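Numbering of residues begins at 1 and proceeds along the displayed sequence. Everything quoted here is computed from the prediction, not taken from an experiment. For ligands, and for the atoms within them, numbers begin at 1 and follow the listed sequence.
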Amino acid sequence: MDRLAIVVPCYNEEEVIDISSKALREVLDDLIAKKKVSEDSYILFVDDGSKDKTWSLIEKEFQAHSTVKGLKLAGNVGHQFALTAGLMTAREWSDVTVSIDADLQDDVNVIETMIDRFHEGFDIVYGVRNSRKTDTFFKRTTAQGFYKLMAAMGVKTVYNHADFRLMSKRAVDQLSKYHETNLFLRGLVPLIGYQTTTVGYDRRERVAGESKYPLKKMLALAFNGISSFSVKPIDLISGLGVGIIVISIIAAIYALVSYFTGHVEAGWTSLILSIWFLGGVQLLSIGMIGKYIGKIYLEVKNRPRYNVETFLNEK
Ligand code: UDP
Ligand code: MG
């Protein structure tokens with residue numbers, strides 16, 4: 001039977017640990033009772049350098065319950081890294097992982113459906129929000145704008161999926177081969193390949209406490225997501241350069257006509273033309289150099305170039 005690890009990143013979550021642990025333990029006990037996962041399955045709370053009582057609460061849960069484990073990071077490294085730390089630790093001691101936020105905004109009952117999908121042969125199961133009714137208007141619009149912008153920039157992400165997902169051991173193993181420091185899991189996981197599917201759920205309100213993702217962190221995540229996966233912004237600069245060169249040619253015609261009809265100050269024609277034309281050439285050049293930097297950037301990431309799904313070798 002497969003050993004499940006539920007990975008829960010926690011940052012200053014003292015208000016939710018108890019509630020969260022209880023809800024997750026119920027789900028896990030149920031899965032064990034139904035023999036869908038092995039008895040040594042567990043919940044791994046990752047303390048992302050919290051400044052409150054989060055860690056001591058995790059310790060208490062660990063002492064009291066055989067299905068709880070804890071991992072304490074030495075400092076606050078942010079949600080994406082905390083989650084990665086949890087997954088990389090859990091992969092040594094599990095066959096399948098589910099990552100979920102500590103605040104129970106994601107529906108814990110969906111974990112069972114994810115496990116069912118896993119048993120049907122899917123390596124990655126994305127939890128996808130059906131609706132965003134519980135989010136504020138602001139959060140909803142910014143979040144949806146974010147997914148659209150990512151798509152426009154050519155970054156493949158799963159629409160309305162945050163980091164609530166199931167990953168098989170081999171999927172996490174493959175994820176471990178991506179060494180990049182600018183980590184954006186929602187963009188990386190789809191690159192893994194393998195069989196994937198989605199399950200829908202309704203996103204709830206936080207059980208307690210406040211969001212640890214203020215606007216500033218959200219914008220940073222969005223920018224990191226785009227700049228880690230797309231060199232499109234560089235193409236935009238080149239495009240702008242070409243556009244300005246075209247405008248400068250039109251302006252050249254206009255300026256020459258003005259010159260020959262004698263309506264201009266001396267020196268204006270050559271000046272205005274140089275400014276526009278050179279501006280365009282400079283932008284285009286920056287864009288071209290950018291192209292090379294973009295390539296260096298992709299090389300430096302040293303991403304795995306492929307991922308083998310099956311190898312039919314010996315019978
Ligand atoms: N989190 C973390 N490190 C951070 C910020 C957040 O581990 O620096 C965790 C947090 O404890 C929660 C999850 O990431 O389990 C998602 O954060 P939150 O619920 O505050 O974000 P929101 O749902 O508001 O986007
Ligand atoms: Mg939340």
Basic-acidic side-chain contact under 4.0 Å: [X], [Y]:
X	Y	value
K36	D2	no
D202	R204	no
D106	R203	yes
R206	E13	yes
K22	D18	no

Supply the atom-to-atom distance [X] [atom1] to [Y] [atom2], rounded to the nearest 0.5 angstrom.
X	Y	atom1	atom2	result
T54	I17	OG1	CD1	5.0 Å
N160	R129	CG	CZ	6.0 Å
D163	F184	CG	CZ	8.0 Å
S50	L57	OG	CG	10.0 Å

[atom] [closest protein heavy-atom partner, distance rounded to 0.1 Å]:
atom	value
atom 17 (O) of ligand 1	Y213 CD1, 3.7 Å
atom 25 (O) of ligand 1	K139 NZ, 2.9 Å
atom 4 (C) of ligand 1	D48 OD2, 3.4 Å
atom 6 (C) of ligand 1	K212 CB, 3.6 Å
atom 11 (O) of ligand 1	E13 OE2, 2.5 Å
atom 23 (O) of ligand 1	Q105 OE1, 2.7 Å
atom 15 (O) of ligand 1	P9 O, 2.7 Å
atom 24 (O) of ligand 1	S211 OG, 2.5 Å

When you look for heavy atoms under 4.0 Å from ligand 1, do you find them on the side chain of R203, its backbone, both, or neither?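 The side chain, only.
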
Return yes or no for this condition: an N or O of [X] is under 3.5 Å from an N or O of ligand 1.
X	answer
D101	no
N76	yes
A82	no

Taking only non-hydrogen atoms of E205, do any sit less than 4.0 angstrom from ligand 1?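 Contact check E205 vs ligand 1: negative.
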
Which option out of Y11, F81, F45 puts a heavy atom nearest to atom 1 (N) of ligand 1?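 The nearest heavy atom belongs to Y11.
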
Return yes if a side-chain donor-acceptor contact under 3.5 Å exists between E210 and N12, otherwise no.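 Not at all, the side chains of E210 and N12 share no donor-acceptor pair under 3.5 Å.
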
Give every protein N, O or S atom lying under 2.8 Å from the Mg ion (ligand 2), naming each by residue and atom.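 Result, waters dropped: D103 OD2, Q105 OE1.
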
Against the six-membered ring of F122, is R165 placed for a cation-pi contact (under 6.0 Å from the centre, within 45° of the normal)?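 Not satisfied by the 6.0 Å and 45° rule.
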
Please confirm whether K212 makes a cation-pi placement over Y11, using NZ or CZ under 6.0 Å from the six-membered ring centre and within 45° of the ring normal.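 Negative - K212 is either too far from the ring of Y11 or too far off its axis.
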
K217 neighbourhood, listing ligand 1 atoms whose heavy-atom distance to it stays under 4.0 Å: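 Heavy-atom distances to K217 below 4.0 Å select 4 (C), 5 (C), 8 (O).
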
Go through ligand 1 atom by atom and flag the ones less than 4.0 Å from a non-hydrogen atom of A102.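 The list of qualifying atoms is 15 (O).
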
When the side chains of residues 142-150 are checked against the rest of the protein, which donor-acceptor pairs come out under 3.5 Å, sequence neighbours left out?
from: T142; atom 1: OG1; to: F138; atom 2: O; distance (Å): 2.8
from: T142; atom 1: OG1; to: K139; atom 2: O; distance (Å): 3.0
from: Y147; atom 1: OH; to: H161; atom 2: O; distance (Å): 3.1

Can you confirm whether S228 sits close enough to K301 that some side-chain heavy atom of one is under 4.5 Å from a side-chain heavy atom of the other?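 Side chain of S228 against side chain of K301, heavy atoms only: contact under 4.5 Å found.
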
